[in-house]
Structure formats: C-alpha cells, structure tokens
Number of protein chains: 2
Amino acid sequence: MPYKYYRGEDRKVLQAALRDRGFRSTEGRLTLLSVLKRAKSPLPVSAIAERLRSTLDEVNVYRALEALNEKGLLMRSDMRQGGARYEYVRSHHHHLICSDCGLTEDVEICADKRMEKKALDNSRAFAKIDTHALEFFGLCKACAPRLSYA
Amino acid sequence: MPYKYYRGEDRKVLQAALRDRGFRSTEGRLTLLSVLKRAKSPLPVSAIAERLRSTLDEVNVYRALEALNEKGLLMRSDMRQGGARYEYVRSHHHHLICSDCGLTEDVEICADKRMEKKALDNSRAFAKIDTHALEFFGLCKACAPRLSYA
DNA sequence: TTTAGTGCAAAATCTTTGCAGGGTA
DNA sequence: TACCCTGCAAAGATTTTGCACTAAA
C-alpha cells in the first residue's frame with residue numbers, strides 16, 4: 001500500500017481490537033480504523049471510501065463498516081444529512097449537529113442508564129434496552145449570525 | 001381519488017394545518033397527512049408512497065415529506081434501518097426501537113430543555129440548539145427470548 | 001488448509017432534479 | 001390570474017448481492 005495512515009504504535013492496538021472481536025487483521029480494516037480514529041467527527045461512507053481508494057474497495061468499506069459497527073468498534077449515526085456516518089468508538093457520547101452546515105461536535109451529555117431504565121419501565125412492548133442515540137440539532141456560531149434573524 | 005383515507009372531520013383539521021403553514025391544501029398532501037396520522041409508528045418513505053400510489057407520485061411524496069417536515073407538521077427520524085421514516089407530529093416524543101425486528105414504540109421520556117441548555121453550555125462551537133432526537137435501541141418482548149442467550 | 005476478507009461487475013434502493021401542465025388561492 | 005403543486009422522465013446517490021480469487025490464522 002502506498003501510504004501508511006497509522007503509526008506503528010497504533011497499528012498494534014488496532015490489530016488487537018480486530019482480533020479481540022473475532023476479525024482477521026487485514027490491511028484494509030486496519031487502515032479503515034485508523035482513518036476513523038484520526039477523524040475529528042463522524043465521516044460519511046463516501047469520505048471514508050475516498051480515503052481508502054487505494055486500500056479497500058468501496059463495496060468492502062460498506063461490508064467492513066457494517067461488521068465493525070455490529071461489534072461495537074465503530075458507531076453508526078444518522079445525522080439527517082443523507083447517508084450514514086461512522087466514527088471510531090472511544091467512549092459513549094453524543095452529538096451537536098448544525099442544521100445548516102452540518103458541523104458536528106461531541107457532547108458528553110448523556111441519556112444515562114437511569115433514563116434507559118425509565119424508558120423501559122414505561123414501555124409495554126420492550127424487554128431490554130441496550131443503548132441509545134441522542135442528537136442535538138441547532139446552529140453553530142458560524143451559521144447562526146447568517147440565519148438567526150429569519 | 002378511489003379511496004378516502006380520512007373522515008370529513010379530520011379533513012378540516014388537516015386542511016387548516018396545511019394552510020396555517022402556508023401550504024396549499026391539496027388532495028395529495030391531505031391524504032399523506034391522513035396516512036401518517038393513522039399510522040401506529042413512523043413509516044418509511046416506501047410504505048407511504050405505496051399507500052399513496054393512486055393519489056400522489058412517489059417523487060412528490062419525497063417533496064411533500066420534506067416540506068412538511070421543514071414546517072414541523074411531520075417529524076423525520078432515522079432509525080438505523082436504511083432510509084428515512086416519517087411520522088405525524090402530535091407532541092414531542094422519542095422512540096424505542098427493536099434492533100432485531102424494527103418494532104417501534106413511543107416513549108415520553110425526553111432530553112428536555114434543561115439538557116439542551118447543558119449541552120449548549122458545554123459546547124465550544126454552537127450558538128443555539130433547536131431540537132433533539134433521542135432513540136433507545138433494544139429488544140422487544142417478542143425478539144428477546146430468541147436472542148438473549150446469545 | 002480453512003474460510004474470512006477482497007475486488008469487480010451488476011443490480012437494487014433511495015433520493016433529487018428539470019420541466020411542462022394542472023389545480024389552489 | 002399567479003404560482004404552488006403535480007406527474008413523468010431521467011439522473012444521481014447510496015447500499016446490497018454474487019462470485020471467483022486472495023490471504024490471514
């Protein structure tokens with residue numbers, strides 16, 4: 001492969017992460033993880049595929065993202081911008097999303113376990129809750145001045 | 001049109017709702033709203049277009065959903081199942097979603113204004129927050145027995 | 001050696017855009 | 001009458017599937 005997206009240090013960590021979940025450690029998936037680990041915000045599939053052009057075919061980017069998401073190594077989030085986005089999972093968190101330009105920022109605010117329990121208690125049809133997604137929509141400081149008078 | 005999805009009573013309410021937001025009251029949009037108002041859960045675009053086959057072209061279903069969502073008459077939600085879903089807005093609420101069969105249930109639990117404020121206070125890049133989306137993922141009572149031993 | 005992972009081709013879905021004509025206000 | 005809304009055609013974007021080949025364990 002023409003370019004290393006990761007340093008040696010990182011590589012071992014990612015290899016271990018893959019093997020721990022029963023995956024084989026391949027160049028494509030290592031690079032994919034590395035790209036997402038470095039990203040400052042969730043990336044759309046198109047952007048990920050773009051950066052992996054020489055390493056992993058777009059079709060397999062979809063397959064890999066799906067598999068890694070399934071095992072909790074990545075998190076998929078839908079941000080009302082058409083198409084899924086994925087991010088490397090460091091810790092549980094949520095997002096602020098600008099309705100105008102799409103900028104995202106992480107927030108630590110969380111609908112915690114207490115809230116999950118409350119939701120389950122109020123439910124008729126559900127037996128258990130595993131996780132949740134919380135997104136805040138608003139305007140970032142760059143877009144707000146342009147739009148807030150509307 | 002071959003079939004009425006709404007009763008006379010409802011029709012007036014929906015007409016008013018449309019006009020209040022600056023829309024024209026057309027058969028297509030009235031029927032669309034009626035379909036969603038009766039639905040027990042958020043519907044994917046394909047299902048909506050299906051039911052409106054004889055009333056509103058799929059292309060215009062997309063246009064109408066987008067417009068009505070924009071004005072708050074409908075709510076769009078992405079439920080990690082590929083493709084957007086829409087529901088008629090009665091009051092602000094959120095969803096429980098079964099990771100296996102896709103069943104959804106409304107919950108009144110909410111990341112309230114206090115939480116939005118907290119998120120904004122912790123943010124560096126955002127100027128305001130308008131709304132939020134909160135989804136709980138788990139297993140419904142029908143699917144849990146089949147899967148929980150896994 | 002076994003089989004998960006991959007590339008390539010092709011198709012299925014999902015969504016948007018353009019434009020001329022029809023219906024609402 | 002003005003122009004929002006619509007149907008139809010077409011294209012663009014997103015995602016999935018099939019299959020033979022490659023490479024990790």
Side-chain angles (χ1 to χ4, degrees), chain A residues 1-2 11-12 14-35 42-71 73-74 76-86 102, chain B residues 1-2 11-12 14-35 42-71 73-74 76-86 102:
Chain A
M1 56 296 335
R11 184 182 177 86
K12 285 171 195 159
L14 297 179
Q15 286 184 324
L18 283 170
R19 296 201 176 109
D20 284 352
R21 326 264 163 163
F23 293 118
R24 288 181 182 177
S25 169
T26 67
E27 207 52 46
R29 293 184 172 187
L30 283 171
T31 310
L32 188 159
L33 283 176
S34 177
V35 164
L43 297 180
V45 181
S46 56
I48 300 167
E50 167 88 18
R51 296 182 201 189
L52 294 175
R53 207 176 331 137
S54 56
T55 311
L56 192 61
D57 188 87
E58 182 175 25
V59 173
N60 294 307
V61 169
Y62 275 101
R63 292 197 255 232
L65 288 171
E66 166 66 16
L68 299 173
N69 173 65
E70 200 74 20
K71 293 289 186 184
L73 219 43
L74 302 180
R76 170 182 180 152
S77 42
D78 296 289
M79 299 187 162
R80 300 181 177 178
Q81 306 192 61
R85 292 174 181 238
Y86 290 85
Chain B
M1 57 295 339
R11 184 182 176 87
K12 285 172 194 158
L14 297 179
Q15 286 184 325
L18 283 170
R19 295 199 177 111
D20 284 352
R21 325 264 163 161
F23 293 118
R24 289 183 179 175
S25 169
T26 66
E27 206 54 46
R29 293 185 171 185
L30 284 171
T31 309
L32 188 159
L33 284 176
S34 177
V35 164
L43 296 181
V45 181
S46 56
I48 301 168
E50 166 89 18
R51 297 182 200 189
L52 294 175
R53 207 179 330 138
S54 56
T55 313
L56 192 63
D57 188 89
E58 182 175 24
V59 173
N60 294 306
V61 169
Y62 275 101
R63 291 198 256 234
L65 288 171
E66 165 67 15
L68 299 174
N69 173 65
E70 199 75 20
K71 292 290 186 185
L73 218 43
L74 302 179
R76 171 182 179 152
S77 43
D78 297 288
M79 300 187 160
R80 299 181 176 178
Q81 306 192 61
R85 292 175 180 237
Y86 291 86

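These numbers were taken from a predicted model, which means no experiment stands behind them. Each chain gets a letter, A, B and so on, in the order its sequence line appears, and its residues count up from 1.
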[X] to [Y] - nearest heavy-atom pair and separation:
X        : Y        : result
Gln15(B) : Ser25(B) : CG-OG, 3.3 Å
Glu58(A) : Ala49(A) : CG-CB, 3.8 Å
Leu32(A) : Ala64(A) : CD1-CB, 3.8 Å
Tyr86(A) : Glu66(A) : OH-N, 4.5 Å

Pair of N/O donor and acceptor under 3.5 Å linking dG5(C) base with Asn60(A) side chain
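Flag unset: no donor-acceptor pair detected.
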
Side-chain heavy-atom pair Arg11(B), Leu30(B) within 4.5 angstrom cut-off
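Yes, side chains in contact.
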
So, do Leu18(B) and Leu73(B) sit near enough that their side-chain heavy atoms are less than 4.5 Å apart?
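Side-chain contact under 4.5 Å: yes.
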
Using only side-chain N and O atoms of Arg29(B), determine if any of them is under 4.0 Å from OP1 or OP2 of dC5(D).
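Answer yes for this pair, as a side-chain N or O of Arg29(B) is under 4.0 Å from OP1 or OP2.
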
Using a cut-off of less than 4.0 Å, is there contact between a side-chain N or O of Thr26(B) and OP1 or OP2 of dT6(D)?
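Looking at the OP1 and OP2 atoms of dT6(D), one of them is under 4.0 Å from a side-chain N or O of Thr26(B).
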
Please report the distance, rounded to the nearest Å, between [atom1] in [X] and [atom2] in [N].
X        : N       : atom1 : atom2 : result
Leu14(B) : dT24(C) : CG    : C1'   : 17 Å
Asp57(A) : dG18(D) : CG    : C1'   : 14 Å
Leu33(A) : dG5(C)  : CG    : C1'   : 14 Å
Leu56(A) : dA4(C)  : CG    : P     : 17 Å
Ile48(A) : dT14(D) : CD1   : C1'   : 13 Å
Glu50(A) : dA13(D) : CD    : C1'   : 15 Å
Glu27(B) : dG7(D)  : CD    : P     : 11 Å
Leu18(B) : dT24(C) : CG    : C1'   : 12 Å

Choosing from dC8(C), dC8(D), dA25(D), which nucleotide comes nearest the side chain of Arg24(A)?
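Nearest nucleotide to the side chain: dA25(D).
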
Closest to side chain of Phe23(A), choosing from dG5(C), dG23(C), dT6(D)
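Minimum distance to the Phe23(A) side chain belongs to dG5(C).
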
What does nucleotides 12-19 of chain C look like as a protein-contact string, B for base, S for sugar-phosphate only, - for none, at under 4.0 angstrom between heavy atoms?
--SBBBBB

Using five base pairs at each end to define the local axes, how bent is the helix from dT1(C)-dA25(D) to dA25(C)-dT1(D), to the nearest 10°?
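Rounded to the nearest 10 degrees, the bend comes out at 50°.
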
Please evaluate residues Leu33(A) and Leu74(A) with respect to the criterion side chain to side chain contact (heavy atoms under 4.5 Å, CB included), reporting the C-alpha separation (whole Å), side-chain torsions for both, the decisive distance (0.1 Å), and the verdict.
CA-CA 8 Å; Leu33(A) 283 176; Leu74(A) 302 180; 3.7 Å; yes

Steps toward side chain to side chain contact (heavy atoms under 4.5 Å, CB included) verdict (Leu56(B), Thr31(B))
CA-CA 9 Å; Leu56(B) 192 63; Thr31(B) 309; over 6 Å; no

To the nearest 0.5 Å, what is the distance between CD (Glu27(A)) and CG (Leu52(A))?
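Glu27(A) CD to Leu52(A) CG: 10.5 Å, rounded to 0.5 Å.
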
